Trainee: 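Would you mind keeping the following structure in view while I ask a few things?
All figures in this text were calculated on a predicted structure; none of them were measured in a lab.
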Amino acid sequence: MLARKGLLPDGFLLTRLAEDQNQPNRSRTRSLKARFITKTGSCNVAHKNIREQGRFLQDVFTTMVDLKWQHSLLIFTSAFLCSWMLFAMIWWLLAFAHGDLEPRDPDNNPGPVPCVTAIHSFTSAFLFSIEVQVTIGFGGRMVTEECPVAIIMLIIQNILGLIINAVMLGCVFMKTAQANRRAETLIFSRNAVIATRNGRPTFMFRVGDLRKSMIISATIQLQVIRRTVTTEGEVIPVCQLDIQVENPLRSNGIFLVSPLIISHTIERGSPLYDLSAQSLAAEDLEIIVILEGVVETTGITMQARTSYTPEEILWGRRFVSIITEEDGRYCVDYSKFGNTVPVRMSSLSAKELDQTRGVQEGTSETHLQGWGLVRAGRGGFRRGGRACDGSTPQPWYAQSEKQEKDAEQKGQKKKVQLEVIGRQIEEEGPGDVSD
């Protein structure tokens with residue numbers, strides 16, 4: 001339908017249809033698995049066993065707006081027909097009580113003035129009721145001053161008709177100007193991806209606006225819905241966790257002038273910190289995307305929603321570029337909106353990657369700390385020597401004593417340098433020492 005209206009290229013629809021045909025099994029799996037938000041943004045929750053149905057009648061206008069078009073039109077048509085029939089019965093009873101329905105002899109006197117002229121049957125009363133309520137006024141029937149009750153009924157029917165018209169027009173306007181109508185031209189990528197960006201695993205999806213009119217103050221919010229179990233063993237079927245959108249300003253505001261790739265860096269504190277390529281298919285979670293903003297042309301607040309299940313999250317892929325520069329302006333190719341390409345990425349989770357990096361860093365630090373401290377003169381220390389093998393640490397002068405003993409055993413003179421804080425003493429042979 002969007003392609004027929006010229007809002008979306010035919011190539012985009014053909015690409016999406018080809019994706020659906022190439023993955024029939026996955027689509028069946030997605031349809032069988034329950035989800036809270038459908039791909040179109042509607043809430044996929046069925047409310048059952050509601051005993052207090054009268055609460056919906058306390059807010060009639062909202063209930064009328066939430067109804068489907070066929071139900072709303074049926075209610076409005078029934079309201080008009082019932083009001084016409086009700087007042088037609090009242091007009092017929094007034095004419096019958098006043099004696100206006102009795103046959104009159106045209107040769108004799110015309111008789112008393114009727115309450116409503118030209119009413120001879122229920123059909124004529126029904127036509128008069130329609131003329132009064134919709135203010136047609138053909139001129140053949142009219143209320144006279146003979147019956148004050150008829151004048152009061154005329155006022156009541158006009159007021160009731162205005163109320164029905166006002167409610168109908170208000171419901172029709174609100175149904176046509178609902179916020180979700182603007183969301184029909186906001187599109188999300190069918191699949192989300194997880195790829196490495198700036199050295200960290202990143203969750204990404206793409207969002208775009210098909211209209212030229214802007215979304216003012218657009219904000220995007222991510223939530224993870226998953227089933228959790230407390231330490232006491234309580235099962236929480238719906239646990240909502242917020243996800244921070246990658247933004248240097250630490251806010252969820254976006255400028256949707258062209259299709260954007262919304263990203264979330266998976267790091268410590270992220271609900272996706274334990275997610276890996278192997279555990280992704282077995283996870284029971286749903287990532288909900290909520291885009292809110294103000295429509296530039298109408299000033300109405302709108303909201304667009306979608307969600308991604310584990311089957312719709314692709315590991316180790318990224319989106320292709322769809323923006324090019326032509327003739328001094330940027331062009332967007334929507335035929336490649338949801339296309340992805342594979343990238344090289346580890347199948348480990350962000351937590352496992354951090355643990356692996358921590359072990360490597362810890363090993364290197366231990367190796368450096370294993371180096372002995374050697375006397376560096378003037379009371380200082382410097383790093384050097386051999387790495388410790390885990391044995392008992394030896395004093396700094398142990399190596400000098402060992403060298404001296406080896407020299408004595410060989411009968412050779414050995415020059416040994418003893419370091420003393422603030423001075424040095426050189427000894428050459430036993431003779432010099434005795435001197």
Trainee: Report yes if the side chains of Gln303 and Leu291 come closer than 4.5 Å at any heavy-atom pair, otherwise no.
Mentor: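 They are not in contact (no side-chain heavy atoms under 4.5 Å apart), so the answer is no.
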Trainee: Show every ring pair (Phe, Tyr, Trp, His ring centres under 6.0 Å) that has at least one partner inside residues 40-85, sequence neighbours left out.
Mentor: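 Pairs touching residues 40-85 that pass the test: Phe80-Trp84.
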Trainee: Between the side chain of His264 and the main-chain N/O of Phe203, is any donor-acceptor distance below 3.5 Å?
Mentor: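 Flag not set: sc His264 to bb Phe203 has no pair under 3.5 Å.
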Trainee: Taking all non-hydrogen atoms of both residues into account, name the closest pair between Phe337 and Arg206 and its distance.
Mentor: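 The pair with the smallest heavy-atom distance is O-NH1, 3.1 Å.
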Trainee: Got a sec: does the CD of Gln70 have more than 12 other heavy atoms crowding it under 6.0 Å?
Mentor: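 Yes, the 6.0 Å shell around CD holds more than 12 heavy atoms from other groups.
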Trainee: Using a 3.5 Å cut-off and no angle test, enumerate the donor-acceptor pairs between side-chain atoms of residues 139-154 and protein atoms at least two apart in sequence or in another chain.
Mentor:
residue : atom : partner : partner atom : Å
Arg141  : NE   : Ala118  : O            : 3.2
Thr144  : OG1  : Pro114  : O            : 2.5
Thr144  : OG1  : Cys115  : O            : 3.1

Trainee: Does any donor atom in the side chain of Gln355 or Arg357 lie under 3.5 Å from an acceptor atom in the other side chain?
Mentor: no
Trainee: Does the side chain of Leu186 reach to within under 4.5 Å of the side chain of Met302, using non-hydrogen atoms?
Mentor: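 A side-chain contact under 4.5 Å exists here.
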Trainee: Output yes when a side-chain donor or acceptor of Lys336 lies under 3.5 Å from a complementary backbone atom of Val320, and no otherwise.
Mentor: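 No; judged by distance alone, with no hydrogens or angles, the pair does not exist.
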Trainee: With a 3.5 Å distance limit and no angle check, can you tell me whether Thr77 reaches the backbone of Leu74 through a side-chain donor-acceptor pair?
Mentor: no
Trainee: Is there a side-chain contact between Leu160 and Phe87 (heavy atoms, below 4.5 Å)?
Mentor: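 A side-chain contact exists here, since the closest heavy-atom pair is under 4.5 Å.
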Trainee: Just jot down the side chain to side chain donor-acceptor pair (under 3.5 Å) partners of Ser78, sequence neighbours excluded, or say none.
Mentor: none
Trainee: Is the closest side-chain heavy-atom distance between Phe188 and Arg305 below 4.5 Å?
Mentor: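 Not touching, per the 4.5 Å side-chain cut-off.
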Trainee: If every non-hydrogen atom of Leu280 is compared with every non-hydrogen atom of Pro310, which pair is closest and at what distance?
Mentor: O-CB, 3.1 Å
Trainee: Filter on ring pair (Phe, Tyr, Trp, His ring centres under 6.0 Å), then keep only pairs touching residues 274-332, sequence neighbours left out; what's left?
Mentor: Phe205-Tyr308
Trainee: For Ser189 and Ala192, indicate whether the former's side chain and the latter's backbone hold a donor-acceptor pair under 3.5 Å.
Mentor: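 No, the answer is negative, given that no donor and acceptor are paired below the 3.5 Å cut-off.
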Trainee: Heavy-atom distance under 4.5 Å between the side chains of Ile262 and Val207, does that happen here?
Mentor: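 Side-chain contact under 4.5 Å: yes.
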Trainee: Any sub-3.5 Å donor-acceptor pair from Arg182's side-chain atoms to Val295's backbone N or O?
Mentor: no
Trainee: Any chance NZ of Lys39 has more than 12 other-residue heavy atoms, nucleotides or ligands included, within less than 6.0 Å?
Mentor: yes
Trainee: Please check if the side chain of Lys175 supplies one atom and the backbone of Val65 the other of a donor-acceptor pair under 3.5 Å.
Mentor: yes
Trainee: Would you say the side-chain atoms of Ser129 and Gln157 include a donor-acceptor pair closer than 3.5 Å?
Mentor: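 Yes, side-chain donor-acceptor contact under 3.5 Å.
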Trainee: For Asp59, does its backbone N or O pair with a side-chain atom of Thr63 as donor and acceptor, under 3.5 Å?
Mentor: yes
Trainee: Nearest heavy-atom pair of Val193 and Arg318: which atoms, and what distance?
Mentor: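 The answer is CG2-CA, 4.2 Å.
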Trainee: How far does CG of Leu256 sit from CD1 of Ile220, to the nearest 0.5 angstrom?
Mentor: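 If I round to the nearest 0.5 Å, the distance is 8.5 Å.
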Trainee: Under 4.0 Å between a Lys/Arg side-chain N and an Asp/Glu carboxylate O for Glu312 and Arg35?
Mentor: yes
Trainee: Just distance, no hydrogens or angles: give the donor-acceptor pairs under 3.5 Å from side chains in residues 223-231, sequence neighbours left out.
Mentor:
residue : atom : partner : partner atom : Å
Gln223  : NE2  : Asp242  : OD1          : 3.2
Arg226  : NH1  : Pro271  : O            : 2.9
Arg226  : NH2  : Glu283  : OE1          : 2.9
Thr230  : OG1  : Glu232  : OE1          : 3.4
Thr230  : OG1  : Glu234  : N            : 3.0
Thr230  : OG1  : Glu234  : O            : 3.3

Trainee: To check you understand the geometry: which heavy-atom pair defines the closest contact between Leu275 and Ser349, and what is its length?
Mentor: O-CB, 3.0 Å
Trainee: Counting the benzene-type ring for Trp, do Trp92 and Phe96 have ring centres under 6.0 Å apart?
Mentor: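 Centroid distance Trp92-Phe96: below 6.0 Å, so yes.
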Trainee: Please confirm whether the backbone N or O of Leu348 pairs with a side-chain atom of Ser346, one donor and one acceptor, at under 3.5 Å?
Mentor: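 Looks like yes, one N/O pair under 3.5 Å.
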Trainee: Who pairs with Thr202 by side chain to side chain donor-acceptor pair (under 3.5 Å), at least two apart in sequence or on another chain?
Mentor: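 None.
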Trainee: We want to know whether Ser307 and Glu286 form a side-chain donor-acceptor pair, criterion being a heavy-atom distance below 3.5 angstrom.
Mentor: yes
Trainee: Any donor-acceptor pair under 3.5 Å linking the side chain of Ser279 with the backbone of Ser276?
Mentor: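 A pair under 3.5 Å: yes.
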